[in-house]
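Below: the structure, in structure tokens.
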Amino acid sequence: MEIEEKQPRSIAEIISIVEALVFVADEPITVKTLSDVLEEDRETIEAAVEELKQEYEDRTGGLQLREIAGGWQISTRTEYHEEVRKYLKTRPNAKLSLAALETLAVIAYKQPVTVPEILEIRGVQSASAIKTLLDKKLITAKGRKETVGRPMMYGTSKDFLLQFGLKDLSELPSIEDFEDLVQ
Amino acid sequence: MEIEEKQPRSIAEIISIVEALVFVADEPITVKTLSDVLEEDRETIEAAVEELKQEYEDRTGGLQLREIAGGWQISTRTEYHEEVRKYLKTRPNAKLSLAALETLAVIAYKQPVTVPEILEIRGVQSASAIKTLLDKKLITAKGRKETVGRPMMYGTSKDFLLQFGLKDLSELPSIEDFEDLVQ
Amino acid sequence: MEQQPEQLSFDFYKEKPHIARQSRDELRLTLGKFAGPLDLLLYLIKQEQANIFDIPIARITDEYLKYIRLMKSFDITLAADFLVMAATLIEIKSKMLLPKEITEETEEEMEDPREALVRQLLEHQKFKNASQMLYERSTVEQAVFGRGKIESDENNAETNASVFDLLTVFQKILSRHKEEVQMEIEREEVSLADMIKSLKKQIFEKKELSLLAFFEEMHTRRELVTAFIAVLEIVRTEGVKLMQTATFGDIILKKI
């Protein structure tokens, strides 16, 4: 039997494999996963992803490569949403009610946060909004607070990052930034 | 009211939209469909597809555009099948069927619990779901019940806590937590 | 309670509530859907062109109560939170009316009764702005699409579960269980009249009926008792005979 010696891959080859893997992945694929599958170190993968991203930008085709929810994903460009929607016959997603959006904003910025704490900020009972957000998987339970009654704490989910196009929570503008807008 | 005149699209734009549509389609997309969605004639679409195909070939990236079953499709290049297959295999399969999820819910909330007791609650035989959960290491055997037949009792495992992001079982939402939300 | 249906879409700028003043003391509600009492307060403060750090509490309280009365007259069910805020406003107003005895020592400790409310309003305003940012982001995000299914995708009905799914599923099982119990209870409530009717029908159709088989159809003890009484009744009133071919054998109901 012949033992095949593995040739080290060229950077172009690594980029191509990265592209193939990002394409087949159902969810944004992390640099770590890519690095594990290719058995190449993180830095190599990171460089490859960056170059691929640049390539997609230079092409200005129908697709883009972007970082979202902690991983990389290929998706259509926003410019062509009308035609894509026409083909898929989808209407824009049902949007969240004002109450649900406000509750989501409080949870996003104050997580992990309990129902009484949300009430404090919103000044209004938020139970049904929380239920909606749970149903839509935008928030998840994040354990219990070690205080009287051990209330459930809530935080945002990965779907939240996906739906709002965020790389990670640190990409959220700081809540203090919204202060200037008061009045 | 102002009526917006639609600008005729450039060939580059048509190519981009074709790429976006081929990408989002579940099945190979036909020239006819593309022509209908874009409201451009067949010849224009055919030329655009051919140019896009040429572009993919020149790039020699991880993807190819190919004609299959009377339509067009983007797929990974065969050269990288090894890595793609490797990735698809290593993909953590955190997904559970509804039957498995139901069984897991019963075990989580009623543990330690025996197979006859699960049957009693679910009203359905749960043997194969229990096997799945054991395979995925989400549940473990917890000794035998001192009753007729000494049936095996099951409970959730440490992996269960990890996978559902729980510190311990007391962090499972209780029926009361849920009722607070439904009201 | 908060029972707003999910809207398909809304526009932050359009959604602003509007109370139009029709005459000197008549307000007209053109559009008013506040996410909560703090929203209403912010709106009123803006309407009055008041400084949020120096809220003319008497005027704002009056306006607030006017609005609440208006909502009531329109039969809009008011969330308890709106009433709590009304009480808070009235309390602040009365505190502000108290004559101030400013002495050297107390001056520093004297807290403006409006302070807590102002803090809450400012905090709320921040999150309102944040929610607008989220709204805009999701609008952009909805114009982006992922790839279609590819062959390697497993397309069986699988779910990616969270802890709350576990609870929801568990509750569904329990309620399914409850329904089953419910059905048994319903079956128990077969009346004697119905039982006789069904027994008669069976005998007249089949000419003869095994008593054992008939009793075996019963699901509960109460039904069994009813069935037994029905048999006695039918033997008494109708031309039906009880026959037993062997000791301890099956008893046959036979139409004469």
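Nothing here was measured: the structure is a model prediction, and the numbers come from that model. Each chain gets a letter, A, B and so on, in the order its sequence line appears, and its residues count up from 1.
- Summarising the geometry of C/Arg147 relative to A/Phe23, their closest heavy-atom pair is NE-O, 2.6 Å, with the distance given to 0.1 Å.
- Per-residue counts of heavy-atom pairs under 4.5 Å with chain A were compared for C/Val144, C/Leu38, C/Leu134; the largest is that of C/Leu134.
- Salt bridge A/Glu50/A/Lys53: absent, no basic N to carboxylate O contact under 4.0 Å.
- Under 4.0 Å is where a charged nitrogen must lie from a carboxylate oxygen, and between C/Lys66 and C/Asp62 no such pair does.
- When heavy atoms are compared at a cutoff of 4.5 Å, A/Leu162 approaches chain C solely by way of its backbone atoms N, CA, C and O.
- Heavy-atom distances place the backbone of A/Arg77, and not its side chain, under 4.5 Å from chain C.
- The contact between A/Gln64 and chain C is made entirely by side chain atoms (from C-beta outward), counting heavy-atom distances below 4.5 Å.
- At a threshold of 4.0 Å, the pair A/Glu46-A/Arg42 counts as salt-bridged, since one of the basic side-chain nitrogens sits closer than that to a carboxylate oxygen.
- Of the atoms belonging to A/Glu102, heavy atoms from both backbone and side chain fall under 4.5 Å from chain C.
- Annotation for A/Glu146: atom CD counts as buried by contact number, over 12 foreign heavy atoms lying within 6.0 Å.
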